[in-house]
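These notes are about the structure you will find just below.
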Amino acid sequence: MIETPSLVDQYCHGVLRTELGLGTFEAHLSRTEGPPAPGTTLFDTQTGFAVRRWCPPLLGLEPHCTPARYLARRRELGVLESARRLLRGSGITTYLVDTGLPGDLTEPGELASAGAAEAREIVRLELLAEQVADTSGTVESFLANLAESVHAAAANAVAFTSVAGVRHGLALAPEPPGPGEVRGAVGRWLAGRGVGGELSDPVLLRHLLWSAVASGLPLQLHAGLGAPGLRIDRTDPVLLTGFVRATAGLGTDLVLLNGYPYHRHAAHLAGVFPHVYVDSGAALVRTGARAATVLAEILELAPFGKILFSTGAQGLPELHVVGARLFREALGRVLGTWVAEGAWCLADAQRVAGMLASGNARRVYGLD
């Protein structure tokens with residue numbers, strides 16, 4: 001048996017503090033632009049089936065119970081107790097938390113307390129810039145305050161993350177923009193935005209990426225499937241090849257998040273470039289019973305020391321559970337098959353499992 005006693009969730013979000021009804025709960029099972037089609041339910045997805053398989057026993061119910069029965073038990077226990085039982089049953093011992101999403105989500109400290117685990121913050125670059133813009137009246141003050149904020153964040157955060165692929169696409173010019181180009185873009189953005197306005201200007205997105213690179217912290221880049229309605233052809237990680245080459249040798253690791261359905265492309269980049277790592281996260285949560293196939297495809301190309309576990313969970317503690325259980329099941333099935341076939345020995349399989357589950361993340365993010 002392949003064992004993974006400790007998991008470092010290298011990318012996730014907090015969980016909701018509010019109770020959810022059937023409709024609002026299932027809306028978090030899949031990132032859609034609206035409710036499910038009439039006569040259907042989002043529980044009838046790979047993620048929905050995985051929730052029904054792995055989560056009910058942690059709340060004292062039988063596996064595969066109906067959604068209505070499960071949510072009734074969840075309400076009976078209350079949102080806080082349900083989250084506590086689910087998170088502590090996930091086997092995750094460290095959470096790296098992107099705090100850049102809106103909504104009533106728990107902070108890293110709350111997540112750690114509920115899950116009896118450790119937690120560290122990941123700072124989202126675009127939100128940081130938007131917060132600076134809300135309090136900066138001029139181009140010069142914005143640029144000075146942004147540089148100071150990035151420096152301050154780097155002193156406490158474990159990594160930076162960027163949603164440039166979601167906001168614009170990953171086909172960005174690879175080189176850092178010049179000072180005049182940046183000042184012009186800032187002036188146009190500040191003149192046209194209201195308080196809280198989102199940053200999507202490609203020049204400023206590049207400026208943020210290179211500011212993060214200069215900090216030396218790992219930089220996480222979202223790729224593949226993401227927000228509802230996203231043009232995923234613009235988030236293929238191979239579009240980052242120029243940026244990856246430009247950042248080689250600078251001392252900053254790049255972590256390609258999610259990646260699915262381009263997970264093989266992300267694995268290829270991790271295999272070619274020493275400073276690139278690939279995340280197995282949301283790909284497994286989305287593919288459910290097919291997770292072992294997807295993980296095997298990542299293992300085809302990426303060096304084993306370059307693959308990181310995450311859940312990518314947001315909102316529902318159930319997604320932390322599902323991400324962790326599917327990872328363990330998939331890893332055990334893939335590596336166990338290779339051992340049974342004689343391609344690997346058990347000792348090597350166990351060593352690689354420990355690398356993927358926690359060892360690689362601890363090394364990349366300096367957690368030890």
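No hydrogens, no waters, no symmetry mates; every other heavy atom, side chains included, goes into these values.
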Verdict with reasoning, D253 to L219, per side-chain contact (heavy atoms from CB on, under 4.5 Å)
CA-CA 6 Å; D253 290 327; L219 172 58; over 6 Å; no

Apply side-chain contact (heavy atoms from CB on, under 4.5 Å) to L143 and H207, showing your working.
CA-CA 10 Å; L143 290 172; H207 179 66; 4.2 Å; yes

From CA spacing to verdict: salt bridge (charged side-chain N to carboxylate O under 4.0 Å, His left out), R206, E175:
CA-CA 8 Å; R206 288 163 55 210; E175 69 278 356; 3.8 Å; yes

Test side-chain contact (heavy atoms from CB on, under 4.5 Å) on T161 and V123 and set out the steps.
CA-CA 6 Å; T161 191; V123 172; over 6 Å; no

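A side chain to side chain donor-acceptor pair (under 3.5 Å) with D98 is found for one member of Q220, Q314, R124 and no other, namely R124.
One hydrophobic cluster, built from ILVMFWY side chains closer than 4.5 Å, cannot hold both I298 and L269; they sit in different ones. Under the 4.5 Å side-chain heavy-atom criterion for ILVMFWY residues, a single connected hydrophobic cluster contains both V272 and L239. Linking Ile, Leu, Val, Met, Phe, Trp and Tyr residues whenever their side-chain heavy atoms come within less than 4.5 Å places V278 and L295 in a single cluster. Note on L71: it clusters hydrophobically with V322, by side-chain heavy-atom contacts below 4.5 Å among ILVMFWY residues. Both I92 and L87 are assigned to one and the same hydrophobic cluster, defined by single-linkage of ILVMFWY side chains at heavy-atom distances under 4.5 Å.
Here OG1 of T247 is found 8.5 Å from CZ of F273. Values are rounded to the nearest 0.5 Å. Between atom CZ of residue R52 and atom NE2 of residue H64 there is a gap of 7.5 Å, rounded to the nearest 0.5 Å. Taking CG of L7 as the start and CZ of F327 as the end, the distance is 6.5 Å to the nearest 0.5 Å.
Residues A223 and N258 come closest through the heavy atom pair O-CB, 3.5 Å. The two atoms that bring N360 and F304 nearest to each other are ND2-O, 2.9 Å, heavy atoms only.
Using a 4.5 Å heavy-atom threshold, the side chains of W344 and L335 count as touching.
Looking only at atom types and distance, the side chain of S30 has no donor-acceptor partner in the side chain of T45 under 3.5 Å away. In this model, no donor atom of one side chain and acceptor atom of the other lie less than 3.5 Å apart for D104 and T18. Side-chain atoms of D9 and T311 form a donor-acceptor pair, as typed in the model, at a separation below 3.5 Å.
Using modelled atom types, one side-chain atom of Q46 and one backbone atom of A289 make a donor-acceptor pair closer than 3.5 Å. Listed for the Q350 side chain is no donor-acceptor partner under 3.5 Å among the backbone atoms of A347. Distance alone, capped at 3.5 Å, is enough to place a donor-acceptor pair between the T337 side chain and the R333 backbone. Checked by atom type and distance alone, the side chain of S200 never pairs as donor or acceptor with a backbone atom of H168 at under 3.5 Å. Side chain of R73 to backbone of G60: no donor-acceptor contact under 3.5 angstrom is found. Between the side chain of R328 and the main chain of T4, a donor-acceptor pair closer than 3.5 Å is present. With hydrogens and angles disregarded, no donor-acceptor distance shorter than 3.5 Å links the side chain of S215 to the backbone of A154.
Ring planes of W189 and F142: perpendicular class, angle over 60° (limits at 30 and 60°).
Salt bridge annotation for R85-E81: present, with a cationic side-chain nitrogen under 4.0 angstrom from a carboxylate oxygen. Using a 4.0 Å cut-off between charged nitrogen and carboxylate oxygen, D134 and R193 count as a salt-bridge pair. A salt bridge links R74 with E19: the closest approach of a Lys/Arg side-chain nitrogen to an acidic carboxylate oxygen falls below 4.0 angstrom. Salt-bridge annotation for R167 and E198: present, with a side-chain N of the basic residue lying under 4.0 Å from a carboxylate O of the acidic one.
Within the structure, every pair that satisfies the ring pair (Phe, Tyr, Trp, His ring centres under 6.0 Å) test and touches residues 11-30, not counting sequence neighbours, is listed here: Y11-H13, Y11-H222, F25-F43. Sequence neighbours left out, the pairs with a member in residues 112-121 that pass side chain to side chain donor-acceptor pair (under 3.5 Å) are T99-E121.
Other residues, nucleotides and ligands contribute over 12 non-hydrogen atoms within 6.0 Å of the NE2 atom of H275. The 12-atom threshold is not exceeded at OH of Y260, counting heavy atoms of other residues, nucleotides or ligands nearer than 6.0 Å. Annotation: R17, atom CZ; neighbour count of heavy atoms from other residues, nucleotides and ligands within 6.0 Å is above 12. Counting non-hydrogen atoms of neighbouring residues, nucleotides and ligands closer than 6.0 angstrom, the CD atom of E148 reaches no more than 12 such neighbours.
Aromatic ring centres of W54 and Y70: separated by at least 6.0 Å.
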